[in-house]
Amino acid sequence: ARAAAQGSDLSFPKDFLWGCATAAYQIEGAVKEDGRGQTNWDVFSHTPGKVANGDTGDVACDSYHRYKDDIALLQNLGVKAYRMSIAWSRIFPEGRGKPNQKGIDYYNRVIDALLAAGIQPNVTMFHWDLPQALPGGWQNRDTAKAFADYAGFMAGKLSDRVHRFMTVNELRCFTDLGHMVGTHAPGLKLPQGQVNQVRHHGCLAHGLGVQAIRANAKAGTEVGIADNANIYVPVIETPEHIEATKKAMRDDNAMFLTAVMEGKYLDSYLSAAGQDAPKVQAGDMAAIGSPLDFVALNIYTPTFVKANANDPRGYTPLPHLPQSPRMASPWLYVGPEAAYWGVRAVSELWKPKAIYISENGTSADDPLNSAGTVDDGDRIMYLRNYLGQFRRAAAEGYPLKGYFLWSLMDNFEWADGYGKRFGIHYVDFATQKRTPKLSAQWYKELIRRNALV
Ligand code: PNW
């Protein structure tokens, strides 16, 4: 038993849910088809200078028409699950109001085809493509309510076949990158008070969304969030550095996952924000803290942290250095320990019933070999190391239930356009031909064995 607990073999728990992930705007294309409404990302990507190369999601992987090809790729891998998102603007072109049956039909076709292939759909309701018609976007609190109405409506349509929903993807990205840093849609650089308000509306959308999904879905439907909490890793595995790690995670995610898991903003966040603290209405925090069936984490980059009695916080994060190892995206520092510590810290801090990895993967420079396929050894190296650390967390008994690799195939990588490739299938965007990379073969073998290879 001791050996099993320590995981002396390399296997994952029985029934571990292996999957791949994508998102609507990154793969679908067909942005004007069948009544889809315009989104913030349509506007942003068509604004000169915002996306590398002037790339847009107008065509992307053309999955709107080629979803059967995508499902064949999934089937060939042997995955049991697929994480996909729904384009809100296909369902409610104006963000609210009258639903568009053609949009609903599209997702029914995709979901039915997945089920026929023996693949369980896991659906994210919002992966950043916001209907442009919603006045003020995330600056307007009414957007949170509009989201909940849409999410509840879709849960009602799908919960006969979809048993796990994620409300929103990555609170920090769609709020901060869009409204503070300005590198994502809508490309704003707002003052801090307004940024904090946008963050609050993002959390509120999640919370009201949970309530609406529960009110409309079949009993037994699981609801959670897919979040990219900043992940800390203790420099040394001793009790003091481990405590520092958990405190850093809780503090640094105070306006996001911590609020969602605790139903409150930490005093340290509110007092540091001062005048800039978000305006919160009665009932907001209870909604934000709605109980979840699971937490899903997108895990990429680690931050190492040390306990430090001389720091008022009790800890000091170690900076990333120019020479710190990273993958092909400048923000993607390599630190497989983030996989273990992300799961462990979230588990110990908040005791969720279940944890899923909703994304993990990497960009890599993908050299074509003479046979015209891609030998992405760097990606395999990255995945093997991160999965080893996820395996450790599962073997030690943390409630890690599944893993969605980002991404099934190369796609529209937001501000990086098509220049950064995260897929385990290569997409030739001129012909839309999809080709398995070496990493797809590797992942397939791992799934077959249910063990690290
Ligand atoms: C996530 N950062 O995005 C998203 O959920 C995916 O849609 C995306 O394609 C994937 O990770 C790879 O980037 C992130 O700057 C984008 O730290 C940027 C950052 C993190 C995550």
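Atoms considered below: every heavy atom in the structure, side chains included; atoms not considered: hydrogens, waters and symmetry mates. Numbering of residues begins at 1 and proceeds along the displayed sequence. We count ligands from 1, going down the list as the structure has it; atoms in each ligand are counted the same way.
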ask   = Can you tell me if Asn53 uses its side chain to pair, donor with acceptor, with the backbone of Asp55 under 3.5 Å?
value =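 A pair under 3.5 Å: no.
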request  = Identify, with sequence neighbours excluded, every residue that meets ring pair (Phe, Tyr, Trp, His ring centres under 6.0 Å) alongside Tyr232.
outcome  =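 Listed in chain order: nothing, the list is empty.
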request  = Write out the protein residues near ligand 1, meaning a non-hydrogen atom under 4.0 Å from one of its atoms, in order of chain and number.
outcome  =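 Only Gln26, His127, Trp128, Asn169, Glu170, Cys173, Asn298, Tyr300, Trp331, Glu359, Trp406, Glu413, Trp414, Phe422 have heavy atoms that fall under 4.0 Å of ligand 1, ordered by chain and number.
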key: Arg83 to Phe404 six-membered ring, cation-pi geometry met (6.0 Å, 45°)   =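 Checked: cation-pi criterion not met.
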query = Do Asp129 and Arg36 sit within salt-bridge range, that is, some charged N less than 4.0 Å from a carboxylate O?
reply =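 Looking at Arg36 together with Asp129, the answer is no, because their closest N to O distance does not fall below 4.0 Å.
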request  = Please work out whether the ring planes of His184 and Trp128 are parallel, tilted or perpendicular, with thresholds of 30° and 60°.
outcome  =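 Tilted, since the angle between the ring planes falls between 30° and 60°.
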inquiry  = Would you say the rings of Trp406 and Tyr300 are close, in the sense that their centroids are separated by under 6.0 Å?
reply    =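 Ring centres of Trp406 and Tyr300 not closer than 6.0 Å.
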